[in-house]
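The structure appears below as structure tokens.
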Amino acid sequence: MPELPEVETVRRSLAPHLVGRTIATATLNRNDMVAGERSPHALLQGAKIQRLDRRGKQLAIIARDGRVLIVQLGMSGQMLITKPLDPLPTHTHAVWTTGKPATAILFRDPRRFGGLTTLATVDQLSQVWATLGPDGLNITGDDLWKVIHTSNRPIKAALLDQSVVAGVGNIYTDESLFGAGIHPKANCARLSQARIKRLARSVVRVLTQAVEARGSTLRDYRDADGQAGSYVAMHRVYGRASLPCTVCGLPLSRTVVAQRTTVFCRRCQKL
DNA sequence: CTGGATGCCTGGGAGC
DNA sequence: TGCTCCCAGGCATCCA
């Protein structure tokens, strides 16, 4: 579900409900959704929230005293604002409440590919995020070239690797490669530095526009206020197999790269 | 070390 | 209506 634009939209929609507020209660319905300490305290009970940060697809809720909760939405995860007495939707794994105005924040994730990680210090967050590549909104051609120009993987596999670029998933990989005119199976090491620079610019452009559109809602994705994103209407390849290419009119091709469904234009994205 | 394949989960849609 | 099969936005882990 959520790639960088969706997680950024969740961050922005969640922040007004949390920043500056104190968590009154933190309750966990499933232990196996949490890595690290699982006490209410570790889950931010009693904490005053200072800010919400994001790196790639990871969202961090950071308390004044340094406690951190990392939220990963996986494929079907949601952070939802409700009222404390509203019935809980199915697959709600954790609930936080704040007072004035009384608010409940839910973490639900039907497929359970997502999860929460508790950390005691912001320093630990830096260590976790040091394993990720540069955030997709800031990736530069030099960054990208440095880490992939010796790799023998198909370029799509490299873009999906969170240690190369943080935040790009299956939708935005295909959209970025189309924007740069690069075939998803192109071998990294055979791409010129100029084409890799062009690809980095395409990644930034696609992600920026998708954030402006509040992300792509294929089916489940909603921001914290339950609002859908509208970027699907701007997809040029993802979900458009066999429909005409928006540039040349040729029916778009479907293939599999890195075990993921891949859509591209075989005329605009030559090997 | 690298890169490829597998498995974890639920739910929706297609086809019969 | 109901069954089976296939597919889905991610990622850790295992293997060659």
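The sequence lines fix the lettering, A, B, ..., with proteins before strands; numbering per chain opens at 1.
- Across the protein-nucleic acid pair, A:Leu218 atom CG and C:dC7 atom P stand 17 Å apart, rounded to whole Å.
- In summary, of the residues considered (A:His93, A:His91, A:Gln78), a side-chain hydrogen bond (donor to acceptor under 3.5 Å, both in side chains) with A:Arg108 occurs for A:Gln78 alone.
- A side-chain donor from one of A:Ser76 and A:Asp109 sits under 3.5 Å from a side-chain acceptor of the other.
- When rounded to the nearest whole Å, the span between CD1 of A:Ile171 and C1' of C:dG10 equals 12 Å.
- Although no hydrogens or angles enter the test, the distance criterion places a donor-acceptor pair under 3.5 Å between the side chain of A:Arg67 and the main chain of A:Gln45.
- Reading DNA chain B from its 5' end, the first and the last nucleotide to sit under 4.0 Å from a heavy atom of chain A are B:dG3 to B:dG12.
- Contact check, A:Arg260 against C:dG9: a side-chain N or O comes under 4.0 Å of OP1 or OP2.
- Side-chain contact, A:Thr98 with A:His17: no donor N or O sits under 3.5 Å from an acceptor N or O.
- Using cut-offs of 30° and 60° for the angle between ring planes, the A:Trp145 and A:His149 rings count as parallel.
- Both A:Thr150 and A:Arg219 lie near DNA chain B, and the one whose nearest nucleotide falls closer to the 5' end is A:Thr150.
- Rounded to an integer number of Å, the gap from CD of A:Gln162 to P of C:dG9 is 14 Å.
- Across all strands shown, A:Asp109 has no heavy atoms under 4.0 Å from either base or sugar-phosphate atoms.
- B:dC9 sits 24 Å from C:dC3 when the P atoms are compared, rounded to a whole Å.
- For A:Lys57 and C:dG9, the shortest distance from a side-chain N or O to OP1 or OP2 is not below 4.0 Å.
- Atom-to-atom, CE of A:Met75 to C1' of C:dC11 comes out at 10 Å; the value is rounded to the nearest Å.
- The partner of C:dC5 is B:dG13, judged by Watson-Crick or G-U wobble contacts that both fall below 3.5 Å.
- If you check B:dC1 for Watson-Crick or wobble pairing at under 3.5 angstrom, you find it has no partner at all.
- At C:dA8, one or more side-chain N or O atoms of A:Thr261 fall inside 4.0 Å of OP1 or OP2 (strictly under the cut-off).
- Across all strands, A:Tyr172 comes closer than 4.0 Å to no nucleic acid atom at all (heavy-atom distances).
- Taking only distance into account, the side chain of A:Arg111 meets the base of C:dA8 through a donor-acceptor pair shorter than 3.5 Å.
- There is a side-chain donor-acceptor pair under 3.5 Å between A:Lys185 and A:Thr255.
- Atom CD in A:Gln58 sits roughly 11 Å away from atom C1' in C:dC11 (whole-Å rounding).
- Within a 6.0 Å radius of CZ in A:Arg21, other residues, nucleotides and ligands contribute more than 12 heavy atoms.
- Remark: the A:Thr261 side chain and the A:Arg254 side chain contain an N/O donor-acceptor pair separated by less than 3.5 Å.
- Going from atom CD of A:Gln78 over to atom P of C:dA8 covers 20 Å, rounded to whole Å.
- Between A:Ile70 atom CD1 and C:dA12 atom P the separation is 12 Å, expressed in whole Å.
- For the pair A:Asp161 CG and C:dG10 P, the interatomic distance rounds to 13 Å; values are reported in whole Å.
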